[in-house]
Amino acid sequence: NLNLGNATFPAGHVIQTKVKTIYLADNDSNDCNTNAYAGTVINNGFSNLEVTGFSMAAGNLLKVDYSCGMIDAGNGSTNGMWGVKVDSQMHMTNFKQARDMQTATTNWAKVISGGLSNVTIAAWMSATGGNSIGIYCHEYTGNGHDSIWSILVQEIQM
C-alpha cells in the first residue's frame, strides 16, 4: 500500500472527486417542485441529488457541478434560485426568471478555509413569492438512451 498522507500536491491538483447519478424513471415525467423560500434539495422523488460523507482539507477549493433538467415555473410568475447546499449552509449560484424554461445547471467553486468533515453537498433550489418552481425532465425510453441528473463534487489543492 502506498501512503500519501504526508504528500504535497501542486496547486490545481484534484485531490478527490465524488459523483452521484440519478437515473430517471423510464417513460415517465421526473420532477421536483418547491414553493418554499427556504428551498429543497433537488430530487426525483426517490433519490436526492447529493454527495454524502464528504471531507476535505482546510484552505482547498470545493468545486460543484450539477445538471438536472429544465426549469418549470408552471403557470405562475415565480422566480427561482438555484445553488449548492454545503451541510446546512446554502449558496445561491443562479437566479432564473419565471417561465424561462432554461436548463438547470450549476458550476460553483469556493475556497473552504476551515475544511469540511463528513458533510453532505447537495443541489438545491428555492422559490420566491410563494408560488411553485420546479425542475422537469421526461425520460423517453424509445430513443435508446438513459436520461440522468448528476452532481460532481471535487476537492482541488490550492
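For the single chain, residues carry numbers from 1 onward in sequence order.
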- Message: Nearest 0.5 Å, please: how far is CD1 in I15 from CD in Q157?
- Response: 4.5 Å
- Residue pair N30, Y136: steps toward the side chain to side chain contact (heavy atoms under 4.5 Å, CB included) verdict: CA-CA 6 Å; N30 296 265; Y136 173 80; over 6 Å; no
- Message: H91 vs W108, test: side chain to side chain contact (heavy atoms under 4.5 Å, CB included). Steps then yes/no.
- Response: CA-CA 9 Å; H91 303 272; W108 176 83; 3.6 Å; yes
- Verify the distance criterion only: is there a donor paired with an acceptor across the side chains of D65 and T106 at less than 3.5 Å? no
- Note on the structure: Using a 4.5 Å side-chain heavy-atom cut-off and chaining through intermediate ILVMFWY residues, the residues clustered with Y23 come out as I148
- Note on the structure: Output for pair (W149 CH2, C32 SG), nearest 0.5 Å, gives 6.0 Å
- Query: Between K20 (side chain) and N48 (backbone), is there a donor-acceptor pair under 3.5 Å?
  - Reply: yes
- Note on the structure: What one should report as the nearest heavy-atom pair of L49 and I151 is CD1-N, 3.8 Å
- Item | Close side-chain approach of M81 and M125, heavy atoms under 4.5 Å | no
- All heavy atoms of M92 vs all of W124, minimum pair found to be CA-CZ3, 4.2 Å
- Sub-4.5 Å side-chain heavy-atom contact between T34 and I133: yes
- Would you check if F46 and I22 make a side-chain contact, meaning some heavy-atom pair closer than 4.5 Å? no
- Message: For T105 and S67, which I'm curious about, is there any donor-acceptor pair between the side chains at under 3.5 Å?
- Response: no
- Note on the structure: To the nearest 0.5 Å, atom CE of M70 lies from atom CD1 of I135 at 9.5 Å
Quiz: residues 110-123 side-chain donor-acceptor pairs under 3.5 angstrom, not counting sequence neighbours:
none

- How far does CZ of F9 sit from CD of E155, to the nearest 0.5 angstrom? 9.5 Å
- Query: After noting the C-alpha distance and the side-chain angles of Y66 and V84, does the key distance pass the side chain to side chain contact (heavy atoms under 4.5 Å, CB included) rule?
  - Reply: CA-CA 9 Å; Y66 68 81; V84 174; 4.3 Å; yes
- Can I42 be reached from V86 by stepping across I, L, V, M, F, W or Y side chains whose heavy atoms are under 4.5 Å apart? yes
- Backbone N/O of W82 and side chain of N94: donor-acceptor pair under 3.5 Å: no
- Could you tell me the separation between the CD atom of E50 and the NZ atom of K85, rounded to the nearest 0.5 Å? 8.5 Å
- Query: Does the side chain of T17 come within less than 4.5 Å of L152's, by heavy atoms?
  - Reply: yes
- Message: Are V64 and L62 packed together at the side-chain level, in the sense that at least one heavy-atom pair is separated by less than 4.5 angstrom?
- Response: yes
- Spatial distance of atom NZ (K18) from atom OG (S55) [nearest 0.5 Å]: 7.0 Å
- Given the rule in the side chain to side chain contact (heavy atoms under 4.5 Å, CB included) test, do L24 and C137 qualify, once you have shown the distances and angles that lead to the verdict? CA-CA 8 Å; L24 301 182; C137 183; 3.6 Å; yes
